[in-house]
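Take a look at the structure set out below.
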Amino acid sequence: MTQDSHRRSVAPLAAAPAQMQVPGWSDIETPTDLDRVAHAAMGWATRGISPVSLALAHADWAWHLINSPGKWAKLMEKALRKESHLLAYAARLCTGAACAPVIEPLPQDRRFRDPAWQRWPFNLIHQSFLLNQQWWHNATTGIGGVSAHHEQVVAFVARQLLDVVSPVNFFASNPEVLEVTAREYGQNLVRGAINLFEDIEHKMAHRPPPGAEAFQPGKQVAITPGQVIYRNHLIELIQYASQTERVQAEPVLIVPAWIMKYYILDLAPENSLVNYLVGRGHTVFMISWHNPAADDRELAMDDYLQLGMFDALAAIQAILPRRKINAVGYCLGGTLLSIAAAYLTDRSGGPFQSVTLLAAQTDFSEPGELSLFIDESQIDLLDNLMWRQGYLDTRQMTGAFQLLRSNDLIWSRMVREYLMGKRAAMTDLMAWNADTTRMPHRMHSEYLRRLFLNNDLFEGRYRVRGKLVALSDIHVPIFAVATETDHVSPWHSVYKLNLMADTERTFLLTNGGHNAGIVSEPGHPGRRYRVSRFLVDDRYIDPESWYRETPATDGSWWPLWVNWLQRDSSTVPPPSMGTPELGYAPLGPAPGNYVLEP
C-alpha cells in the first residue's frame with residue numbers, strides 16, 4: 001500500500017464553500033498585469049520596501065509638523081539647549097578638567113563603550129552625534145495628528161539615516177580603527193579589503209558566506225540518526241532513531257517554520273534540541289519542508305495544513321496508533337500548529353497531548369518593529385513581487401530584518417570586518433542563517449494579510465476551508481517560550497496567548513534573540529529564564545507586572561521543558577522505524593533531500 005493511498009485518521013480538509021457574492025461590488029476591478037509588473041519591478045529595485053509607504057509616512061509627519069508651531073518652538077529650544085551643553089562640555093575638555101558626559105548612549109547601543117571614545121577629540125565627536133540623534137527622535141515623535149504607524153516609520157527612517165553617518169563608521173573618526181591601524185601598520189586595512197572582495201565574490205556567485213562550507217547538513221549539522229518515513233510534495237517526515245532502551249509513550253512532532261530550514265533545531269550534536277530529546281527517551285518526528293520554486297506559487301496556507309501538519313499526523317498515528325502527540329511549533333510553524341490544534345479540537349484534545357510554541361505569535365497586533373513593514377502599500381508591493389516571481393526569496397526579506405538591528409547586523413559588522421580586518425569565526429548557527437528558503441506567493445500573501453495585517457486568528461475571523469477556528473478551543477496544556485530580545489516574535493506579543501487560551505498554560509521567557517534564545521542547550525554560558533504556570537481560572541497579569549514579579553533562574557530552559565513533557569508519561573519499548581505495511585517505509589536516511597534543496 002502506498003503512502004498516498006493510506007486512509008488517514010486525520011481527515012483531509014473539507015472543500016471550500018462557494019464565494020459569497022456581495023451586492024454592488026461586482027464592478028470592482030482587480031489590478032491589471034501592467035500595474036503588477038510595474039509594482040514588481042519597483043519591489044525588486046527597492047528590495048521589497050515600498051517607497052509609496054515611506055512617502056505617505058513622511059507626508060503625514062511633515063504636514064502635521066508644519067501645522068504645529070508649538071512643536072517648532074520646543075525643537076528650537078531643545079536645539080539651543082543641547083548646543084549650549086555641548087559648548088560647555090567642549091570648554092571644560094579644553095581646560096583638561098575631568099567632566100561627566102552630556103549624554104549617555106542608550107543601554108542597547110554598544111558603539112561607544114571602548115575607552116578610546118573618552119579621549120579628545122573623539123569624546124566631543126560622539127557626544128555631538130548622540131545629542132543630534134536625540135534631537136531627531138524628538139523631532140519625529142510626539143506630533144499631534146500623526147498616525148502611530150507613520151510616526152514609527154519616520155522615526156525609524158531618521159534613525160537609519162543617522163546610523164549611516166555615525167562616527168563609528170568612518171576611518172578618521174573612529175579611534176579604535178585608528179589605534180589598530182597604527183599598531184598593525186595598516187595590515188588591518190589589507191585584510192579588510194580582502195574580506196570585502198571575498199564577500200562581493202560570494203554574493204555575486206550566490207554562494208554562502210566564507211566558512212559556511214564547514215557546516216553542511218548531514219555532515220557536520222543535522223546528523224542525529226533517523227530515517228525519512230514519508231514524503232509528499234511539500235514535506236519529508238523524519239523519524240529519529242531511539243537512543244534509549246525504553247521511550248516515552250507519547251511521541252514528539254516538531255513543526256519548524258518554512259521561512260527557515262528545520263536543522264536550526266538539529267545543529268551540531270552538542271546544541272541540537274532533537275538530539276537532546278532523543279537522548280532523554282523521546283520518539284521524535286520532524287517536518288522538513290520543501291523549498292518552494294516558481295511552480296509552487298499556488299500553495300496556500302490550507303496546503304501547509306493538509307500536506308504539512310495533517311499528513312504528518314496521519315503518518316505518526318499509523319506508526320503509533322492510539323497515542324497522543326506532543327506537538328512543538330517554532331516561529332511560523334508554531335502559528336500553523338496553533339491553527340491546526342484549534343481546527344482539530346475536541347474536549348479530549350484531538351490528536352494532541354500537549355502543544356509547545358517556541359517564539360511563535362498567535363496575536364499580531366503588536367509585531368514589534370516588523371510592523372514598520374506591514375501596511376497596505378507594503379503588502380501590495382510584496383504581493384506583486386511574489387506574483388511576478390512565484391515566490392518571495394528570503395534574501396529579499398533579509399534587508400528588512402537587518403535594518404531592525406542595523407547597528408549590530410550591518411554597520412558594526414562592516415567596521416569589524418572591513419576596517420578592523422577581523423573576520424568573525426563561522427558557527428553552525430551563522431551557517432544555518434545563510435541557508436535561505438523561499439515563500440510561495442499565495443501562502444505568503446495570505447499569511448501577511450490574514451494574520452499580520454488583519455489579525456484574523458486572534459480575533460476569531462480565521463477560517464480553515466470555511467470553518468472558523470478559535471484559539472480558545474485548544475484544551476490541551478500549552479507551553480509557550482518567548483525570548484527577551486526577539487525582533488521577529490516580540491515577547492509581549494507571544495505573552496498575549498494568556499488572553500485567549502482556555503487551558504493550562506506555562507509561559508517561559510528566556511534571554512537571547514529569536515534563534516539564540518531557543519538554541520539554549522545546557523551549559524550555554526549566560527543563559528537565564530523566567531517561568532510561570534497559569535491555570536484556566538487564574539486572573540490575567542499584564543506582561544510588565546509578570547516580568548517584575550517573576551524571578552530569573554540561571555541556566556537552560558531545556559531540562560525544565562523536558563520534565564514538563566514527561567510529567568504524566570509512561571515508558572514503552574521503542575517503536576519500529578516507520579510501518580511499511582501501511583505505506584510508511586523508510587525512504588532514506590536523515591536529513592533527507594528537501595533540506596538540501598538550494
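In what follows, every heavy atom counts, from backbone to side chain, and hydrogens, waters and symmetry copies are set aside.
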Chi angles and distances behind the salt bridge (charged side-chain N to carboxylate O under 4.0 Å, His left out) call for Asp114, Arg119
CA-CA 10 Å; Asp114 192 278; Arg119 297 198 304 267; 5.9 Å; no

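- Side-chain atoms of Asn169 and Asn174 form no donor-acceptor pair, as typed in the model, at a separation below 3.5 Å.
- The heavy-atom pair separating Cys331 from Val488 by the smallest distance is SG-CG1, 4.5 Å.
- Here His282 pairs with nothing under the ring pair (Phe, Tyr, Trp, His ring centres under 6.0 Å) rule; sequence neighbours left out.
- Ion pairing between Asp542 and Lys496 fails under the 4.0 Å rule for side-chain N and carboxylate O.
- When ring centroids are compared, Tyr262 and Trp289 stay outside the 6.0 Å threshold.
- Side-chain contact check for Met414 versus Leu419: every heavy-atom pair is 4.5 Å or farther apart.
- With sequence neighbours left out, the side chain to side chain donor-acceptor pair (under 3.5 Å) criterion links Arg533 to Glu504.
- Checked for salt-bridge contact, Arg530 and Glu484 meet the test: a charged N lies under 4.0 Å from a carboxylate O.
- When each of Ile125, Leu106, Ile103 is paired with Leu130, the side-chain contact (heavy atoms from CB on, under 4.5 Å) condition holds for Ile103 and for no other.
- If you take CG on Asn291 and OG1 on Thr437, they are separated by 5.5 Å, rounding to the nearest 0.5 Å.
- Classification of the Tyr594-His290 ring pair by plane angle, with boundaries at 30° and 60°, yields tilted.
- The shortest side-chain heavy-atom distance between Leu508 and Thr510 falls under the 4.5 Å cut-off.
- Taking both residues in full, the closest heavy atoms of Asp393 and Arg438 are given as CA-CG, 4.0 Å, listed atom of the first, atom of the second, then distance.
- A distance of 5.5 Å separates CG in Leu471 from OG1 in Thr362, rounded to the nearest 0.5 Å.
- A salt bridge links Arg423 with Glu198; the closest basic N to acidic carboxylate O contact falls under 4.0 Å.
- Counting heavy-atom neighbours within 6.0 Å of Trp136 CH2, excluding the residue itself, gives a total of 12 or less.
- Annotation: side chain of Val355 is not in contact with side chain of Ser338 (no heavy-atom distance under 4.5 Å).
- Shown here are the side-chain contact (heavy atoms from CB on, under 4.5 Å) partners of Thr503, two or more places apart in sequence or in another chain: Ile478, Ala501, Arg505.
- Val278 and Tyr240 get closest at one heavy-atom pair: CG2-CB, 3.9 Å.
- Applying the ring pair (Phe, Tyr, Trp, His ring centres under 6.0 Å) criterion to Tyr547, with sequence neighbours excluded, gives Trp491.
- Side-chain N/O atoms of Glu366 and Ser493 include no donor and acceptor closer than 3.5 Å.
- For residues 509-529, the pairs satisfying ring pair (Phe, Tyr, Trp, His ring centres under 6.0 Å) are Tyr330-His514, with sequence neighbours left out.
- Annotation: the span from Phe215 atom CZ to Trp432 atom CH2 amounts to 14.5 Å, rounded to 0.5 Å.
- For Gln220 (side chain) and Gln216 (main-chain N/O), a donor-acceptor pair under 3.5 Å exists by modelled atom type.
- Considering only residues two or more places apart in sequence or on other chains, Asp456 meets the side chain to side chain donor-acceptor pair (under 3.5 Å) condition with Arg461.
- Between the Gln566 side chain and the Arg280 main chain, a donor and an acceptor come within less than 3.5 Å of each other.
- Using a 4.5 Å cut-off on side-chain heavy atoms (C-beta onward), Ile235 and Ser288 make no contact.
- Applying the salt bridge (charged side-chain N to carboxylate O under 4.0 Å, His left out) test to residues at least two apart or on different chains, none of the pairs has a partner in residues 548-561.
- Ion pairing of Arg111 with Asp163 is present here, as a side-chain N (NZ or NE/NH1/NH2) and a carboxylate O approach within less than 4.0 Å.
- The backbone N or O of Asn326 lies less than 3.5 Å from no partner atom in the side chain of Ser354, so there is not a single donor-acceptor pair.
- When the ring pair (Phe, Tyr, Trp, His ring centres under 6.0 Å) test is applied to Tyr276, the partners found at least two apart in sequence or on another chain are Trp558.
- Distance check, rounded to the nearest 0.5 Å: CG of Leu336 to CE of Met309 gives 6.0 Å.
- Counting only heavy atoms from C-beta outward, the side chains of Trp561 and Leu277 approach each other to under 4.5 Å.
- Residues Ser472 and Asp502 share a closest heavy-atom pair of O-CB, 3.4 Å.
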Using the side chain to side chain donor-acceptor pair (under 3.5 Å) rule, take Asn455 and Asp363 through it: C-alpha gap first, then chi angles, then the decisive distance, then the call.
CA-CA 7 Å; Asn455 203 24; Asp363 170 72; 3.0 Å; yes

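- Looking at heavy atoms from C-beta onward, Pro292 lies out of side-chain contact with Trp258 at the 4.5 angstrom threshold.
- In this structure a side-chain-to-backbone donor-acceptor pair under 3.5 Å is present from Ser556 to Ser520.
- Looking only at distances, a side-chain donor or acceptor of Asn511 sits under 3.5 Å from a matching main-chain atom of Gly526.
- One distance of note links CD1 of Ile518 with OG of Ser489; it measures 9.0 Å at 0.5 Å rounding.
- Between Thr483 and Gly517, the shortest heavy-atom distance links the atoms CG2-CA, 3.8 Å.
- A donor-acceptor contact shorter than 3.5 Å is absent between the side chain of Asp473 and the backbone of Ala342.
- For Phe452, the ring pair (Phe, Tyr, Trp, His ring centres under 6.0 Å) partners at least two apart in sequence or on another chain are Phe364, Tyr447.
- Scanning both residues, Glu151 and Gly142, for their nearest heavy atoms gives OE1-N, 3.0 Å.
- Side-chain contact check for Leu313 versus Phe352: some heavy-atom pair is nearer than 4.5 Å.
- A donor-acceptor distance shorter than 3.5 angstrom exists from the side chain of Asn563 to the backbone of Pro559, with no hydrogens or angles considered.
- We find the CG-CD1 distance between Leu332 and Ile259 to be 7.0 Å, quoted to the nearest 0.5 Å.
- Under the side chain to side chain donor-acceptor pair (under 3.5 Å) criterion, Thr550 pairs with Trp546, sequence neighbours left out.
- Looking at Ser173, its side chain does come within 3.5 Å of a backbone N or O of Pro167 through a donor-acceptor pair.
- Exactly one of Lys324, Glu250, Gln353 qualifies for a side chain to side chain donor-acceptor pair (under 3.5 Å) with Ser569. That residue is Glu250.
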Show, in sequence, the C-alpha distance, side-chain angles and deciding distance for Phe534 and Phe507, and conclude whether the ring-ring contact (aromatic ring centres under 6.0 Å, His included) test is met.
CA-CA 8 Å; Phe534 299 97; Phe507 180 78; 7.3 Å; no

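- Checked against side-chain contact (heavy atoms from CB on, under 4.5 Å), Asn271 has the following partners two or more places apart in sequence or in another chain: Leu267, Ala268, Asp428, Val519, Glu521.
- The salt bridge (charged side-chain N to carboxylate O under 4.0 Å, His left out) contacts involving residues 253-264 comprise Lys261-Asp435, where partners must be two or more places apart or lie in separate chains.
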